[in-house]
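Below: one structure, written as structure tokens.
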Amino acid sequence: MIILLKNHADEQQVNNLQAWLKSMGFDIHMSVGASQTIMGLIGDTSRVDIEVIKSLEIVETVQRIQEPYKNANRKFHAEDSVIDVGGGKKIGGGHFEIMAGPCSVESEEQIVMIAKEVKKSGAGLLRGGAFKPRTSPYAFQGLHEEGINLLLEAKRQTGLPIVTEIMDAHHLKYFDDVDVIQVGARNMQNFELLKELGQLRKPILLKRGLANTIQEWLMSAEYIMAGGNEQVILCERGIRTYETATRNTLDLSAVPVIHKLTHLPVIVDPSHATGIASLVKPMAVAAAACGADGLMIEVHNDPPHARSDGAQSLTPEAFDDVVKAVNAVRPFACR
């Protein structure tokens, strides 16, 4: 249930209303915007008499909502959330950032060189895999703790905040200095992991699952937010369909749908979505045009010899070209 308060509502009356509702066992989510204040009730509102609340002097209107996600719901939080991802970088609410780097961290020389190149082209964050979920148990699984240390060294030399994926809550001790923790598609519904991340107070990048609906995706975000961590960034990375021409099917329609349903920012990963380097540029441009709040793009100094996902990785030169094309389109984005 959401309660829209009148402009300039008496503060004491607002406090009294909050206290009364909390005494009934509800959690209250307050969203104070430039022109209106929204009070969101989280809990079983079936026993609440809407007419009683409507009769209060400070209340403009009351509305029940049907969506099972409350914290992530735009009805509770009308204005876009802006997530501070470190280093003065922000995502959402008109702030656009590109996360770029290799699928897997392979060596200090590799990650530092790529970090310097993508920063020069305009990337705001460095992405790189230290823990790698792979379909085959025989494929390269990442450098683990060493990989995170190498990412931190690249951050030290370039100033770029870092983004890397967590596989298991037991690995959290390695992520203290990571700026943005990524939850991969395979872990989108790892609810115990999401609960642990909800206890943190740092940005979480939540990728859409391989075959999950938008509502399921938002419910996963709700798990994190229910724990008190509201710093969630959604990432559309393609879903599995019957089509085999690309690695996955990039659902760009999810971007405007997400903006309608939630206040959380949404970025797009055209690299994992297509699996083909030549398709990254047109899909990145399309993502920018439809209003995405950022991009995640894989960049490798030597794609043919990459230890994972070389086929979808751009060279630094190709990445520079993509950034220029995206920046040319962004002023005309649909939002």
ask   = Under the side-chain contact (heavy atoms from CB on, under 4.5 Å) criterion, do Val180 and Ile83 qualify, and how do the steps go?
value = CA-CA 10 Å; Val180 180; Ile83 310 299; over 6 Å; no
request  = Compare all side-chain heavy atoms of His300 with those of Gln110 and state whether any distance is below 4.5 angstrom.
outcome  = yes
key: Donor-acceptor under 3.5 Å (Asp10 side chain, Gln13 main chain)   = yes
ask   = Are the side chains of Leu200 and Gln231 in touch, meaning some heavy atoms are under 4.5 Å apart?
value = no
Chi angles and distances behind the side-chain contact (heavy atoms from CB on, under 4.5 Å) call for Thr262, Leu234 = CA-CA 10 Å; Thr262 180; Leu234 302 170; 4.2 Å; yes
Salt bridge flag under 4.0 Å for residues Glu298 and Arg127 = yes
query = Would you say the side chain of His272 lies within less than 4.5 Å of the side chain of Asp309, judging by non-hydrogen atoms?
reply = yes
ask   = Do you see a donor-acceptor pair shorter than 3.5 Å between the side chains of Asn149 and Glu145?
value = no
ask   = If only atom types and distance count, is the side chain of Glu106 paired as donor or acceptor with the main-chain N or O of Arg307 below 3.5 Å?
value = yes
message = Just verifying a value: how many Å separate Lys173 NZ and His171 NE2, rounded to the nearest 0.5 Å?
response = 8.0 Å
key: Val183 backbone acceptor or donor facing Arg186 side chain under 3.5 Å   = no
ask   = Going by the angle between their ring planes, with limits at 30° and 60°, are Phe175 and Phe131 parallel, tilted or perpendicular?
value = parallel
query = Hey, does the side chain of Gln141 reach the backbone of Ala139 with a donor-acceptor pair shorter than 3.5 angstrom?
reply = yes
message = Membership question, hydrophobic clusters at under 4.5 Å side-chain separation (ILVMFWY): are Ile267 and Leu314 in the same one?
response = no
ask   = Is the closest basic N to carboxylate O distance between Asp179 and Lys89 below 4.0 Å?
value = no
query = Linking I/L/V/M/F/W/Y whenever any side-chain heavy atoms sit under 4.5 Å apart, do Met219 and Ile233 land together?
reply = no
task = Answer yes or no: is there a side-chain heavy-atom contact under 4.5 Å between Val268 and Met283?
result = no
ask   = What pairs of residues pass the salt bridge (charged side-chain N to carboxylate O under 4.0 Å, His left out) test when at least one of them lies in residues 132-142, not counting sequence neighbours?
value = none
inquiry  = Below 30° counts as parallel, above 60° as perpendicular, anything between as tilted: where do the rings of His77 and His263 land?
reply    = parallel
remark   = Correct closest heavy-atom pair for Pro265 and Ser81 would be CD-O, 4.0 Å
Atom of Ile53, atom of Val48 and distance for their closest heavy-atom approach = CD1-CG1, 3.4 Å
ask   = Ignoring hydrogens and geometry, is there a side-chain-to-backbone donor-acceptor pair from Asp269 to Cys235 under 3.5 Å?
value = no
Spacing of Leu197 atom CG and Leu205 atom CG [to the nearest 0.5 Å] = 11.5 Å
task = Determine yes or no for a side-chain-to-main-chain donor-acceptor pair under 3.5 angstrom, with Ser220 supplying the side chain and Met188 the backbone.
result = yes
ask   = Taking Lys195 for the side chain and Gly227 for the main chain, is one N or O donor matched with an acceptor at less than 3.5 Å?
value = no
inquiry  = Please determine whether side-chain contact (heavy atoms from CB on, under 4.5 Å) holds for the pair Gln63 and Leu4, giving the CA-CA distance in whole Å, both sets of side-chain angles, and the decisive distance to 0.1 Å.
reply    = CA-CA 8 Å; Gln63 179 183 353; Leu4 178 62; over 6 Å; no
request  = Starting from the C-alpha separation in whole Å, work towards a yes-or-no answer on side-chain contact (heavy atoms from CB on, under 4.5 Å) for Trp217 and Glu236.
outcome  = CA-CA 10 Å; Trp217 187 15; Glu236 164 59 41; 3.9 Å; yes
request  = Could you check if a side-chain atom of Leu264 sits within less than 4.5 angstrom of a side-chain atom of Ile258, using non-hydrogen atoms only?
outcome  = no
key: Rounded distance [0.5 Å steps], CD in Glu196 versus CG in Leu172   = 6.5 Å
ask   = Counting only N and O atoms by type, is there a donor-acceptor contact under 3.5 Å from the side chain of Asn229 to the main-chain atoms of Lys202?
value = yes
note = Lys70 meets the side chain to side chain contact (heavy atoms under 4.5 Å, CB included) criterion, sequence neighbours left out, with Ile42, Ile65, Phe76, Glu222
ask   = Is Ile114 reachable from Met296 through a run of I, L, V, M, F, W or Y residues, each pair having side-chain heavy atoms under 4.5 Å apart?
value = no
ask   = Side chains of Ile166 and Val178: does their closest heavy-atom pair fall under 4.5 Å?
value = no
key: N-O pairing of Lys75 and Glu67 below 4.0 Å   = yes
Val329 to Val285 - nearest heavy-atom pair and separation = CG2-CG1, 3.4 Å
task = Look at the side chain of Thr37 and the backbone N and O of Val32, then say whether any donor-acceptor pair between them is shorter than 3.5 Å.
result = no
inquiry  = Tell me if the CZ atom of Arg64 is crowded by more than 12 foreign heavy atoms within 6.0 Å.
reply    = yes
query = Val232 and Ile91: same hydrophobic cluster, using ILVMFWY side-chain contacts below 4.5 Å?
reply = no
task = Kindly give the heavy-atom pair with the smallest separation between Pro161 and Gly124, and that separation in Å.
result = CD-O, 3.3 Å
message = For Glu109, I'd like to know if atom CD has over 12 heavy atoms of other residues, nucleotides or ligands within 6.0 Å.
response = no
message = So does Thr213 get a backbone contact from the side chain of Glu216, meaning a donor-acceptor N/O pair under 3.5 Å?
response = yes
Heavy-atom pair with the smallest gap, counting every atom of Thr246 and Asn248 = OG1-O, 2.5 Å
inquiry  = Under the criterion salt bridge (charged side-chain N to carboxylate O under 4.0 Å, His left out), I'd like the reasoning laid out for Asp251 against Arg208: C-alpha separation, chi angles, the key distance, then a yes or no.
reply    = CA-CA 10 Å; Asp251 182 12; Arg208 185 179 182 180; 2.9 Å; yes
query = Between CG of Leu194 and CD of Gln199, what distance do you get to the nearest 0.5 Å?
reply = 12.0 Å
inquiry  = Distance check, rounded to the nearest 0.5 Å: Glu11 atom CD versus Asn16 atom CG?
reply    = 10.5 Å
inquiry  = Within a 6.0 Å radius of atom NZ on Lys155, are there more than 12 heavy atoms belonging to other residues, nucleotides or ligands?
reply    = yes
inquiry  = Going by the rule side chain to side chain donor-acceptor pair (under 3.5 Å), which residues pair with Arg156 if we only count those two or more places apart in sequence or in a different chain?
reply    = Glu153
ask   = Under a single-linkage definition using a 4.5 Å side-chain heavy-atom cutoff for Ile, Leu, Val, Met, Phe, Trp and Tyr, are Ile98 and Leu126 assigned to the same hydrophobic cluster?
value = yes
ask   = Is Asp80 close to Asp293 at the side-chain level, that is, under 4.5 Å between some pair of heavy atoms?
value = no
message = Are the side chains of Leu250 and Leu279 in contact, using a 4.5 Å heavy-atom criterion?
response = no
note = Value for CE (Met1) from CZ (Phe26), rounded to nearest 0.5 Å, stands at 7.0 Å
query = Considering all heavy atoms of both residues, which atom of Ala277 and which atom of Ser313 are nearest to each other, and what is their separation?
reply = CB-O, 3.7 Å
